[in-house]
Amino acid sequence: MSPSTHDEPTDTERYDFAALERKWAPVWDELKPFSSDLDDDRPNKYILDMFPYPSGDLHMGHAEAYALGDVIARYWRHRGYNVLHPIGWDSFGLPAENAAIKRGLDPRKWTYDNIEQQRVSMRRYAASFDWERVIHTSDPEYYKWNQWLFLIMYEAGLAYRKDSWVNWDPVDQTVLANEQVFADGTSERSGALVVKKKLTQWYFKITDYADRLLADLDDLAHTWPAKVISMQRNWIGRSTGADVEFQIEGLDHRVPVFTTRADTLYGATFMVVAPDSDLAGELVADAPADVRERFDAYLAKVQKSTEIERQATDREKTGVPLGRYAINPVNGERLPIWAADYVLSDYGHGAIMAVPAHDQRDLDFALTFDLPVRVVVDVPAELDADGAPIDNDPVRTGIATTGEGRMVNSGPIDGMAKTEAIAHVVAQLEADGLGRATTNYRLRDWLISRQRYWGTPIPIIHGDDGALIPVPFDQLPVELPPTEGLDLQPKGSSPLGAATDWVNVVDPRDGSPARRDPDTMDTFVDSSWYFLRFLSPNDDTQAFDPELAKTWAPVDQYVGGVTHAILHLLYARFITKVLYDLGHVNFTEPFSALLNQGMVLMDGHAMSKSKGNVVALAEQLDEHGVDAVRLTMAFAGPPEDDVDWADVSPAGSAKFLARAWRVANDVTSEPGVDFGAGDPALRTVTHHFLAEVPGLVESFKFNVVVARLMELVNATRKTIDSGSGAGDPAVREAAEAVAIGLDMFSPYTAEDMWEHLGHEPSVALALWPEADPALLVETSVTAIIQVDGKVRDRLQVSPDIAADELEALARASDHVIRTLKGRTEVNVIVRAPKIVNIATKPE
RNA sequence: GCCGGUGUGGCGGAAUGGCAGACGCGGAGCACUCAAAAUGCUUUGUUCGAAAGGACGUGUGGGUUCGACUCCCACCACCGGCACCA
């Protein structure tokens, strides 16, 4: 039988989530309960969800993130805070451009159509965003300020051009920042294998900030996930050591190398330079033809190899001798110089001193090419099962010794331990002007140029003499030209270069012909400061209002996925420090606290079309309702854990919502009734709930909050059905607490309950009721009676029972008497009123 | 290899050093129903026992403590980051 032929009750006794959504969405549209006036006198909270990229409609991942962020935003409103909870779109970027190319459309259309679709879905999803502060990074009114940011950084020397080996995505036909290349050498965007190209590009000088980006992580250690902190530390990759300068025979300047093991300097037996470094070229410049040919052939081979091949760790060492010699500054020894690709041109100085005895890479190389190995650290040998020392000679074992030991074969530092030896060598080098203590970073400067259309034009004009001329501030924005007549097809250079009318300009200095920079900025520039734009989204005189930034920024709580652990979060931290240094903001970190939500999985796997396990959000919403889906996201577990949709029950959530809703329906007492006359047992449950939930929300234990809501609903149901009944004021008090608490998770249901309880919308604006301390005092507690730490009895006692009285009660327990039989007491612990523990031993 | 995190019922998960398994899913039974759906009630860690009542139990092995899921040490497994970075 089809359900539609049923005689369904049409009255209000039936919970109908779809009807609630239809009923309340228009009321909220009218009421605008989440529009924020930044000037009222309540305390501030800035709650920010990472803004989405408009790729199609919202999916389950968005649903989780926005459900969790909304719990926090709604919570602080209930606590009486003035909450700023804005939303916008990160709407520049490659997917729009690629989709446009595929369909022959303008990327604008694809982008803004998707934004509209997502906007409609978000409103249905009832995320409590302030819809009057929406920003799109692809609006000229927004990206104008990207250009402003670029220009102030250029003036400060923090934006610069250099010719360097860069990561090139052969599919998207653009360069990428280091952060956008995965460890396996593939592009974060297209998945293509990234190749190296030598190009002149724009960079932001993030390396100048490496130390501060690292040090300030300490301040975030308690409010950011440990995982993100650790990933950023790894990425910055600080390494302390020393620069050592080597004289090269026949060269008029010394060559520095970086080492973390200055103590092993006496063990250096050769030097290696990166084949693609300028130094290598210089060293072979006037080499004999045979050396030169070998080197050129090697360099060509290295440049053809992919990042993956180069990084294979068990790869055979390769290299060529350059026929040149370096002089060891501490003992004057001549060290042959080789070129080998295990040395990287863009780390340290692109050259190393090789100490094969104590560095595995150098040892592998030395053994391959039969170079000398000299032990300078006497590392005590480990003992085998019979107590005999195990041979640890690097040449015989092929294993470099890296442990602690005493220096040998090292002249004046013989006998010293590592730390002392390093200090001694560095001090000597400094005294001789041949070296110094220094620090290196894995972090590289941020490459921001992109050879694509759909991004912020770089506001620079190239004079025909090669001069770089910043576009004057009053001529911003440099707007993107229309796509008509432009071929957006990726071809290795920016499509903007072909927009003749746009790219050809006059040199502001003398009126001669000049060209605009044809590249656009990495879209991570857009998102590195957007949190400031929300404070004054329509300001056309400045990027953001510095006064509002003082009171509202940094963001109190940022919510988003761990995918941006390095990329976006590192860039935003960097740009914030730049804005601080340039006097635009008075803080140095953009996000005071960070919550990473987990992923939504299906059957143990990330959802993907190829796996065929995609759960459609729209279908879930239609089947279970917005409120049930949001509640399910929060109840599934700790927010930072992944949610497997196969393991959770939106139907169960809907069932609970119906139960909660019926409780409010059943209430018969009038609004404003004196709760004091209500059933004390239920009131105690309610006030424990009111007291406990704030701490739970503030420590992100949303799943426990939902459990507490369920307990409160169950207790209320029980009071209605088999206790003092629906007219008890305590039932109303409990139902009101449920409505306010439930608003954080399931606002439609909560709003309807609130109305049934005789209140005006919106429940979202209702203040959290204060817990009455008098009701939190227990009149009777359960004391645990243990023998040898095992529970033997439970006694209901007064909370202020005296210790000796409790002990006496415990000893009177049958269970205790029985257990003590045949044992001798050795100790008694009494912690009244909670516990008595009698420790015994056998007689 | 280095760094970080996590290990609790059939499942998702609770638990300021003090009742392990809250809350829910799933299962079983019952009520309502001609029947079903919906709803409600009971029950549900393993194991011995007819029951009363025991024993065991939070990855493994130690330790601290009257008392350890919780603190310390060592190890194992899984997840994540970095890795030819000198």
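Quick caveat: nothing in here was measured; it's all calculated off a predicted structure. We name chains A, B, ... by the order of the sequence lines, and we start the count at 1 in each one.
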Which value, in whole Å, describes the distance between the [atom1] atoms of nucleotides [N] and [M]?
{"N": "U8(B)", "M": "U70(B)", "atom1": "C1'", "value": "12 Å"}
{"N": "U43(B)", "M": "A36(B)", "atom1": "P", "value": "24 Å"}
{"N": "A68(B)", "M": "U16(B)", "atom1": "C1'", "value": "14 Å"}
{"N": "G21(B)", "M": "G1(B)", "atom1": "C1'", "value": "39 Å"}
{"N": "A15(B)", "M": "U6(B)", "atom1": "P", "value": "14 Å"}
{"N": "C82(B)", "M": "C72(B)", "atom1": "P", "value": "28 Å"}
{"N": "G10(B)", "M": "U42(B)", "atom1": "P", "value": "24 Å"}
{"N": "G26(B)", "M": "G7(B)", "atom1": "P", "value": "25 Å"}

Inset, instruction - Output yes when a side-chain donor or acceptor of Asn703(A) lies under 3.5 Å from a complementary backbone atom of Ala634(A), and no otherwise. - result: no
Inset, instruction - Give me the ring orientation class for Tyr347(A) and Phe258(A): parallel if the planes are under 30° apart, tilted from 30 to 60°, perpendicular past 60°. - result: perpendicular
Inset, instruction - Anything under 30° is parallel, anything over 60° is perpendicular, the rest tilted; go ahead and classify Phe369(A) against Phe365(A). - result: tilted
Inset, instruction - Determine, for nucleotides 11-19 of chain B in 5'-to-3' order, which nucleotides have protein heavy atoms under 4.0 Å from the base (write B), from only the sugar-phosphate (write S), or from neither (write -). - result: SBSSS--BB
Inset, instruction - Summarise protein proximity over nucleotides 38-58 of chain B in one line of letters, 5' to 3': B for base, S for sugar-phosphate only, - for none, counting protein heavy atoms closer than 4.0 Å. - result: -SS------------SSSS--
Protein-nucleotide distance ([X], atom [atom1]; [N], atom [atom2]), rounded to Å:
{"X": "Trp338(A)", "N": "A86(B)", "atom1": "CH2", "atom2": "C1'", "result": "18 Å"}
{"X": "Leu570(A)", "N": "C82(B)", "atom1": "CG", "atom2": "C1'", "result": "14 Å"}
{"X": "Asp346(A)", "N": "A86(B)", "atom1": "CG", "atom2": "C1'", "result": "13 Å"}
{"X": "Tyr441(A)", "N": "A86(B)", "atom1": "OH", "atom2": "C1'", "result": "16 Å"}
{"X": "Asp263(A)", "N": "A86(B)", "atom1": "CG", "atom2": "P", "result": "14 Å"}
{"X": "His605(A)", "N": "C79(B)", "atom1": "NE2", "atom2": "C1'", "result": "14 Å"}
{"X": "Phe702(A)", "N": "A22(B)", "atom1": "CZ", "atom2": "P", "result": "23 Å"}
{"X": "Arg233(A)", "N": "G81(B)", "atom1": "CZ", "atom2": "C1'", "result": "13 Å"}

Ion pair check, [X] and [Y], cut-off under 4.0 Å:
{"X": "Glu825(A)", "Y": "Arg811(A)", "result": "yes"}
{"X": "Asp359(A)", "Y": "Arg261(A)", "result": "no"}
{"X": "Arg818(A)", "Y": "Asp814(A)", "result": "no"}
{"X": "Asp788(A)", "Y": "Arg823(A)", "result": "yes"}
{"X": "Glu245(A)", "Y": "Arg436(A)", "result": "yes"}
{"X": "Lys317(A)", "Y": "Asp341(A)", "result": "no"}

Could you please name the partner base of [N], counting Watson-Crick and G-U wobble pairs only when both distances are under 3.5 Å?
{"N": "G1(B)", "value": "C82(B)"}
{"N": "G57(B)", "value": "none"}
{"N": "G40(B)", "value": "C30(B)"}
{"N": "C71(B)", "value": "G63(B)"}
{"N": "A77(B)", "value": "U6(B)"}
{"N": "G49(B)", "value": "none"}
{"N": "G21(B)", "value": "none"}

Inset, instruction - Check every strand shown and say whether Ala707(A) touches a base, only sugar-phosphate, or nothing at a heavy-atom separation below 4.0 Å. - result: base
Look at [X] and [N] and indicate whether a side-chain polar atom (N or O) is within less than 4.0 Å of OP1 or OP2.
{"X": "Tyr342(A)", "N": "A86(B)", "value": "no"}
{"X": "Ser239(A)", "N": "A86(B)", "value": "yes"}
{"X": "Asn714(A)", "N": "G24(B)", "value": "yes"}

Inset, instruction - Apply side-chain hydrogen bond (donor to acceptor under 3.5 Å, both in side chains) to Tyr441(A) and Asp211(A), showing your working. - result: CA-CA 9 Å; Tyr441(A) 300 90; Asp211(A) 238 346; 2.9 Å; yes
Inset, instruction - Return the 5'-most residue of the pair Gly652(A), Asp359(A) with respect to RNA chain B, ranking by each residue's nearest nucleotide. - result: Gly652(A)
Inset, instruction - On RNA chain B, check which nucleotide each of Ala351(A) and Gln232(A) is closest to and give me the residue with the more 5' one. - result: Gln232(A)
Inset, instruction - Assess whether side-chain hydrogen bond (donor to acceptor under 3.5 Å, both in side chains) is satisfied between Thr439(A) and Thr240(A), documenting all intermediate values. - result: CA-CA 4 Å; Thr439(A) 306; Thr240(A) 56; over 6 Å; no
Inset, instruction - Let me see the working for Arg662(A) and Asp666(A) under salt bridge (charged side-chain N to carboxylate O under 4.0 Å, His left out), right down to the final yes or no. - result: CA-CA 6 Å; Arg662(A) 282 194 304 268; Asp666(A) 287 353; over 6 Å; no
Inset, instruction - For G9(B), decide between syn and anti, treating a glycosidic angle within 90° of 0 as syn. - result: syn
Legend entry - Side-chain H-bond candidate by donor/acceptor type, Asp627(A) with Ser746(A), under 3.5 Å: no
Inset, instruction - Show your reasoning for whether side-chain hydrogen bond (donor to acceptor under 3.5 Å, both in side chains) applies to Thr401(A) and Asn392(A). - result: CA-CA 7 Å; Thr401(A) 52; Asn392(A) 66 357; 5.9 Å; no
Distances under 3.5 Å only, N/O to N/O: pair up the protein atoms with those of nucleotides 1-9 of chain B.
none

